[in-house]
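Here's the structure, in structure tokens; my notes come after.
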Amino acid sequence: MNENPRDAAAGGTTETDLTWKLDVVLRGEAGETLLDTYTTERSRHLRHAIELSVFLGDIICEPDPAAAALRDTRMLADRRAGRDPLADMPPQILTTGLLRQGADGGPQAPAGQLGCQGRVRFRGRTGLFDQVIGTGFALLAAEDPRTVLDDDTLDYCERLGIRLLRVTGDPAANGPADVVDLDGTYRSHLERCGRQALLLRPDHYLFGGAARMEEAPGLVAALRQELGASLGASQELVASAAVSPVR
């Protein structure tokens with residue numbers, strides 16, 4: 001059974017969004033300006049969470065017995081028909097922040113989409129993706145990403161903690177990069193996105209994707225450039241503050 005992207009794990013929380021950015025900054029891989037994306041990325045999500053809470057509260061806290069009975073009948077019918085009662089309030093897509101940018105300056109699809117959570121087997125362990133593989137960046141691909149990345153990019157991936165993973169449906173696969181996709185969750189996600197590789201952020205949102213494996217190095221390079229730009233911007237702010245006259 002495929003997991004709903006809405007259930008992409010506790011990784012899709014604002015706390016995790018801030019935590020991984022703090023980690024990258026403290027390790028010197030990005031500048032403090034990266035932390036500013038916390039507000040720009042999550043303000044819409046906060047509004048969505050509030051509106052969703054109000055919506056669910058209106059359903060749960062119905063005081064009228066007759067109206068509650070109608071609600072129950074409708075919800076049971078939706079369940080039998082396989083309808084999602086929250087379909088009109090889908091999870092929010094990131095539209096700004098640390099995302100791969102297109103030529104128009106906006107996120108390049110599928111950047112900003114919420115990732116999935118599915119059951120996998122990895123190095124002898126079976127369970128949900130984040131429980132088995134852990135947290136951090138992950139490059140999920142139809143082939144072993146190491147086959148298309150040069151040594152410099154591989155070194156950067158190791159330094160940043162980007163896990164390089166091959167998604168496969170072969171139950172006998174046991175290579176060091178092989179993630180056996182037990183329910184087809186990730187292979188389906190790659191197919192829906194029309195990509196052969198997806199770069200997943202630690203908060204389970206997509207930084208971006210590559211339509212062909214040969215484009216995967218450019219995907220990692222784009223992340224490196226974005227984090228490096230924040231480092232440069234932070235250094236400029238420090239330098240500017242140092243030369244500003246004291247009033």
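Nothing here was measured: the structure is a model prediction, and the numbers come from that model.
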- So does R83 have more than 12 non-hydrogen atoms from other groups sitting under 6.0 Å from CZ? yes

- Task: Check whether more than 12 heavy atoms from other residues, nucleotides or ligands sit under 6.0 Å from atom CG of D151, and answer yes or no.
- Result: no

- Query: To the nearest 0.5 Å, how far apart are CH2 in W20 and OG1 in T135?
  - Reply: 12.0 Å

- Sidechain N-carboxylate O distance under 4.0 Å for D23, R27: yes

- Task: With sequence neighbours excluded, tell me which residues meet side-chain hydrogen bond (donor to acceptor under 3.5 Å, both in side chains) with E215.
- Result: R212

- Kindly determine whether T153 and D150 satisfy side-chain hydrogen bond (donor to acceptor under 3.5 Å, both in side chains), including the steps that lead there. CA-CA 5 Å; T153 304; D150 60 28; 2.7 Å; yes

- Query: If you round to the nearest 0.5 Å, how far is CG of L128 from SG of C116?
  - Reply: 12.5 Å

- Task: Please report the shortest heavy-atom distance between L99 and L94, naming the atom on each side.
- Result: CD1-O, 3.7 Å

- Item | Minimum side-chain heavy-atom gap E29-R159 below 4.5 Å | yes

- Query: So, for G209 and R100, which heavy atoms are closest and what is the spacing to 0.1 Å?
  - Reply: O-NH1, 3.5 Å

- Query: Where do D181 and T168 land on the side chain to side chain contact (heavy atoms under 4.5 Å, CB included) test, with the steps shown first?
  - Reply: CA-CA 6 Å; D181 187 12; T168 176; over 6 Å; no

- Message: With clusters defined by side-chain heavy atoms of hydrophobic residues (ILVMFWY) lying less than 4.5 Å apart, directly or transitively, does L56 cluster with M75?
- Response: yes

- Query: Going by heavy atoms in the side chains, are T126 and V132 under 4.5 Å from each other?
  - Reply: no

- Just wondering, do F137 and L160 contact through their side chains at under 4.5 Å, heavy atoms? yes

- Message: Let me check something: do L18 and F207 share a hydrophobic cluster, defined by ILVMFWY side-chain heavy atoms less than 4.5 Å apart, either directly or through other members?
- Response: yes

- Task: Please test V179 against L140 for side chain to side chain contact (heavy atoms under 4.5 Å, CB included), starting from the C-alpha separation and ending with a verdict.
- Result: CA-CA 9 Å; V179 175; L140 306 176; 5.6 Å; no

- Task: Please check if the side chain of R125 supplies one atom and the backbone of R123 the other of a donor-acceptor pair under 3.5 Å.
- Result: no

- Message: Run D170 and V180 through side chain to side chain contact (heavy atoms under 4.5 Å, CB included) and show every step you take.
- Response: CA-CA 6 Å; D170 181 4; V180 180; over 6 Å; no

- Would you mind reporting whether L199 and L223 have side-chain heavy atoms less than 4.5 Å apart? yes

- Item | Shared hydrophobic cluster, L219 / L164 (ILVMFWY, side-chain heavy atoms < 4.5 Å) | yes

- Which residues pass the salt bridge (charged side-chain N to carboxylate O under 4.0 Å, His left out) test with E41, sequence neighbours left out? K21, R201

- Query: Roughly how far, to the nearest 0.5 Å, is OG1 of T16 from OH of Y205?
  - Reply: 11.0 Å

- Message: Show the nearest heavy-atom pair for residues R195 and A109, with the distance to one decimal.
- Response: NH2-O, 2.8 Å

- Are side-chain heavy atoms of F122 and L165 found at a separation under 4.5 Å? yes

- Message: I'd like to know whether R119 forms a side chain to side chain contact (heavy atoms under 4.5 Å, CB included) with T185, so could you lay out the CA-CA distance, the side-chain angles of the two residues, the decisive distance to 0.1 Å, and finally the verdict.
- Response: CA-CA 8 Å; R119 292 174 60 255; T185 301; over 6 Å; no

- Message: Would a single hydrophobic cluster contain both L227 and L206, if residues Ile, Leu, Val, Met, Phe, Trp and Tyr are joined by side-chain heavy-atom contacts under 4.5 Å?
- Response: no

- Item | Pairwise distance CD(E32) to CG(L26) - rounded to 0.5 angstrom | 8.5 Å

- Item | Atom of V148, atom of A216 and distance for their closest heavy-atom approach | CG2-CB, 4.1 Å

- Message: With salt bridge (charged side-chain N to carboxylate O under 4.0 Å, His left out) as the rule and sequence neighbours excluded, what pairs involving residues 59-68 come up?
- Response: none

- Taking only residues two or more places apart in sequence or in another chain, which ones pass side-chain hydrogen bond (donor to acceptor under 3.5 Å, both in side chains) with D178? R166

- Query: Should we count CD of E158 as having more than 12 external heavy atoms under 6.0 Å?
  - Reply: no

- Message: Tell me every residue that passes side-chain hydrogen bond (donor to acceptor under 3.5 Å, both in side chains) with D152, counting only those two or more places apart in sequence or in another chain.
- Response: R224

- Which atom names give the shortest non-hydrogen contact between C157 and L149, and what distance separates them? SG-CD1, 4.3 Å

- Message: Same cluster or not: I133 versus L182, using hydrophobic residues (I, L, V, M, F, W, Y) connected whenever any side-chain heavy atoms lie under 4.5 Å apart?
- Response: no

- Task: State the CD-CD distance between E143 and Q196, to the nearest 0.5 angstrom.
- Result: 6.0 Å

- Query: Do R163 side-chain atoms and L139 backbone N/O form a donor-acceptor pair below 3.5 Å?
  - Reply: no

- Any chance you could measure T40, atom OG1, to L98, atom CG, to the nearest 0.5 Å? 9.5 Å

- Looking only at heavy atoms, what is the nearest atom pair of D144 and M213, with distance? O-CE, 4.4 Å

- Task: For Q131, look at atom CD and say whether over 12 heavy atoms of other residues, nucleotides or ligands are found less than 6.0 Å away.
- Result: yes

- Message: Quick test of your reading: applying ring-ring contact (aromatic ring centres under 6.0 Å, His included), list the pairs with at least one residue in residues 152-191, sequence neighbours left out, ordered by first then second residue.
- Response: F129-Y186

